[in-house]
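Report on one structure; see the data block that follows.
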Amino acid sequence: MTVPARYPVPAARYRVEEEVRRSRFLTTVGRAATREEAEVFIAAIRAEFPDATHNCWAFVAGPPGSTAVVGMSDDGEPHGTAGRPILETLLHSGVGEIAAVVTRWFGGVKLGKGGLGRAYAGAVAHALASMPRAERVERSRLRVVCDYPARDPLLRLAADVDAAVEAEEYGIHVTLVFAVPVPEVARFRDGVAALTAGGARVEDAGAPDSDGERAEERAEERLED
């Protein structure tokens, strides 16, 4: 599977609640870029609601629709009635790096296997419909060394290609470090060459970064009880 250069991810932890035939379903979704992050997320929700009848979950720790790193659990519900519907809903959501825990308190009315599957899938779909999203953008970090007159035109070029300025250093020359969206790297390099008549030096500045990671760090947890 080719990993897209950009895709939506949860912007923050998010929660919705609904009642289905007297059972209470509380769905919590959040970002999980790795299996370890998903496990931490799930453990936190389970610890928060130890009195629940079930804490069923699934996660997709990768791009939307990827099954390379996934997991699910029925947590005591009949086999295939909770974890699988949650996972299938996540896989078809168009959102990547996501985990969901559906916490259920049994209300005394049995839903049957079909009813349980629909209830768990519907609970996750309900959360996804209003969940705040960020965009994960794969970036390349490029260092540009140029003369002082080129600084402002390069900053305008960066804005045009949605490149973030990560560092600036001033000495004999100006050194700028940009985090450039991967699809825009060629355009950015061509722009630098054109603006400086080939006089600027462009170098790889290290590991790529992503907008989604920064967005999650800035976002506050949004919990809707």
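Just so it is clear, the values below take in all heavy atoms, side chains as well, and ignore hydrogens, waters and symmetry mates.
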Stepwise, does the side-chain contact (heavy atoms from CB on, under 4.5 Å) test hold for Phe59 with Arg35?
CA-CA 8 Å; Phe59 64 84; Arg35 179 180 298 275; 3.6 Å; yes
Is there a side-chain contact between [X] and [Y] (heavy atoms, below 4.5 Å)?
X	Y	result
Val95	Pro10	yes
Glu97	Tyr7	yes
Met131	Leu128	yes
Arg21	Leu111	yes
Phe188	Val144	yes
Trp105	Phe49	yes
Asp75	Arg104	no
Glu48	Asn55	no

Roughly how far, to the nearest 0.5 Å, is the [atom2] atom of [Y] from the [atom1] atom of [X]?
X	Y	atom1	atom2	value
Thr103	Phe25	OG1	CZ	10.5 Å
Arg189	Leu142	CZ	CG	5.0 Å
Thr175	Arg201	OG1	CZ	7.0 Å
Cys146	Leu154	SG	CG	5.0 Å
Thr27	Ile45	OG1	CD1	10.5 Å
Leu91	Ile86	CG	CD1	12.0 Å

Is a side-chain donor-acceptor pair under 3.5 Å present for Thr89 with Tyr120?
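Per modelled atom types, Tyr120 and Thr89 side chains form no pair under 3.5 Å.
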Can Arg133 and Glu135 be counted as an ion pair, charged N to O under 4.0 angstrom?
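No, this pair does not count.
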List the atom of [X], the atom of [Y], and the distance in Å for their closest heavy-atom pair.
X	Y	value
Pro64	Gly96	CG-N, 3.6 Å
Gly71	Trp57	C-CZ3, 3.5 Å
Leu90	Ala58	CD1-O, 3.6 Å
Gly191	Leu157	C-CD2, 3.6 Å

Do [X] and [Y] land in one hydrophobic cluster if side-chain heavy atoms of ILVMFWY residues count as linked below 4.5 Å?
X	Y	result
Val174	Val180	yes
Val202	Val165	yes
Val16	Val20	yes
Tyr148	Phe178	yes
Val145	Leu176	no

So for atom CZ, which belongs to Arg118, do other residues, nucleotides or ligands contribute more than 12 heavy atoms lying within a distance under 6.0 Å?
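12 or below, so no.
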Got more than 12 heavy atoms from elsewhere within 6.0 Å of CD, Glu18?
yes
Go through the steps for Glu166 and Arg139 under the test salt bridge (Lys or Arg N to Asp or Glu O under 4.0 Å), then give the verdict.
CA-CA 12 Å; Glu166 292 193 342; Arg139 294 177 179 267; over 6 Å; no
Going by atom type alone, with no hydrogens or angles, which donor-acceptor pairs under 3.5 Å involve a side-chain atom of residues 78-85 and a protein atom two or more places apart or on another chain?
unit_1, atom_1, unit_2, atom_2, d
Thr81, OG1, Pro78, O, 2.6
Arg84, NH1, Glu88, OE2, 3.2

Closer than 3.5 angstrom, by distance alone: can the side chain of Arg13 be matched with the main-chain N or O of Gly30 as a donor-acceptor pair?
no
Is the backbone of Gly76 close enough, under 3.5 Å, to the side chain of Asp74 for a donor and an acceptor to pair up by distance?
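Not confirmed, Asp74 side chain does not pair with Gly76 backbone.
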Using the side-chain contact (heavy atoms from CB on, under 4.5 Å) rule, take Glu184 and Asp160 through it: C-alpha gap first, then chi angles, then the decisive distance, then the call.
CA-CA 10 Å; Glu184 300 288 352; Asp160 287 344; over 6 Å; no
Derivation and outcome, side-chain contact (heavy atoms from CB on, under 4.5 Å), residues Leu155 and Arg151
CA-CA 6 Å; Leu155 293 180; Arg151 175 189 178 274; 3.4 Å; yes
